[in-house]
Participant: 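Got a structure for you, questions after.
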Amino acid sequence: GENVEQHPSTLSVQEGDSAVIKCTYSDSASNYFPWYKQELGKGPQLIIDIRSNVGEKKDQRIAVTLNKTAKHFSLHITETQPEDSAVYFCAAYRSNSGYALNFGKGTSLLVTP
Amino acid sequence: GAGVSQSPSNKVTEKGKDVELRCDPISGHTALYWYRQSLGQGLEFLIYFQGNSAPDKSGLPSDRFSAERTGGSVSTLTIQRTQQEDSAVYLCASSTLPDYGYTFGSGTRLTVV
């Protein structure tokens, strides 16, 4: 099955700086890559996703890039704010495989004022 | 409903007892998933239901774990003869398709004492 590696496990940035979280996957047939944000005591929430037919997608301060050749994808958060502090999970999925999403182990992001 | 509802939100049980965890998915979502999240850990896949197809049980850690989904809607995860290592947050999610965004519930925090 799919194996998703996520780095770093913890990340601390100052407010206003950028944060980058990287993930690699093993199944070259994977074609859907979502990112989830989990705040304390809550379930993960989808924040952005990308499919394999595009290389980059942006939504305000959040962007995701995908390199299918290298089998990695990244989450970029610009102009970070304290409310961005949370645990972020990447995931990968291969359509028509009958499998559910496989998640990375998460990155705990702390944005300090 | 407006979101995925899980009950109970917290459950404390004695070692050896059976527990049932409930998930009410978003109406119309044909796919339903159970994941487990241990303290500070990532999301461990347990089981996946898609429409009327046989469920993917490949993530269930032992035969003490089982799940059913009645009428294509509500799902119940049952853990028999609970052990201390079963202590975790059990998350349920639903989606229209596996490669569309999951909506997670807030989870059930299970503590086995």
Side-chain angles (χ1 to χ4, degrees), chain A residues 1-10 21 23 25 27 29-54 57 59 62 64 66 86-110, chain B residues 2-7 9-10 21 23-26 29-60 67 69 75 88-109:
Chain A
E2 178 68 273
N3 186 38
V4 180
E5 300 285 338
Q6 182 172 349
H7 300 280
S9 57
T10 61
I21 303 170
C23 288
Y25 58 97
D27 187 347
S30 293
N31 56 6
Y32 175 62
F33 307 92
W35 285 88
Y36 287 80
K37 175 184 181 182
Q38 186 176 29
E39 297 175 327
L40 201 60
K42 298 183 179 180
Q45 180 181 13
L46 177 70
I47 55 172
I48 194 167
D49 57 13
I50 191 168
R51 298 181 187 277
S52 60
N53 56 345
V54 298
K57 184 177 179 180
D59 183 3
I62 294 174
V64 56
L66 172 65
V87 179
Y88 292 81
F89 293 95
C90 64
Y93 176 78
R94 179 162 59 96
S95 292
N96 301 318
S97 67
Y99 303 144
L101 285 173
N102 284 292
F103 287 84
K105 293 191 180 300
T107 296
S108 179
L109 173 65
L110 177 64
Chain B
V4 176
S5 178
Q6 291 189 246
S7 60
S9 55
N10 282 284
L21 312 180
C23 174
D24 277 286
I26 291 175
H29 280 191
T30 57
L32 185 148
Y33 320 83
W34 285 96
Y35 285 83
R36 179 169 70 174
Q37 187 172 33
S38 301
L39 186 63
Q41 298 299 308
L43 298 164
E44 176 189 6
F45 167 70
L46 296 177
I47 188 169
Y48 156 45
F49 296 89
Q50 174 60 56
N52 296 320
S53 301
D56 175 1
K57 304 179 182 180
S58 60
L60 295 178
R69 188 179 185 190
S75 177
V89 175
Y90 289 82
L91 290 162
C92 175
S94 69
S95 70
T96 52
L97 290 170
D99 60 346
Y100 278 75
Y102 290 10
T103 300
F104 280 89
S106 294
T108 293
R109 181 175 297 279

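Convention: sequence-line order gives letters A, B, ...; per-chain numbering from 1.
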Participant: Using the test ring pair (Phe, Tyr, Trp, His ring centres under 6.0 Å), find all partners of A/Tyr88 that sit at least two apart in sequence or belong to another chain.
Facilitator: none
Participant: Using the side chain to side chain contact (heavy atoms under 4.5 Å, CB included) criterion, which residues pair with A/Lys42? Sequence neighbours excluded.
Facilitator: A/Glu39
Participant: Given heavy-atom pairs under 4.5 angstrom as the criterion, report whether the side chain, backbone, both or neither of B/Glu44 touches chain A.
Facilitator: neither
Participant: Less than 4.5 Å to any heavy atom of chain B: does that hold for the side chain of A/Pro44, its backbone, both, or neither?
Facilitator: both
Participant: Counting only non-hydrogen atoms closer than 4.5 Å, does A/Gln38 touch chain B with its backbone (N, CA, C, O), its side chain (CB onward), both, or neither?
Facilitator: side chain
Participant: To the nearest 0.5 Å, what is the distance between CH2 (B/Trp34) and CG (B/Leu46)?
Facilitator: 9.0 Å
Participant: Where on B/Leu43 is there a heavy atom nearer than 4.5 Å to chain A: the side chain, the backbone, both, or neither?
Facilitator: both
Participant: Could you tell me whether the side chain of A/Tyr25 and the main chain of A/Phe33 form a donor-acceptor pair under 3.5 Å?
Facilitator: no
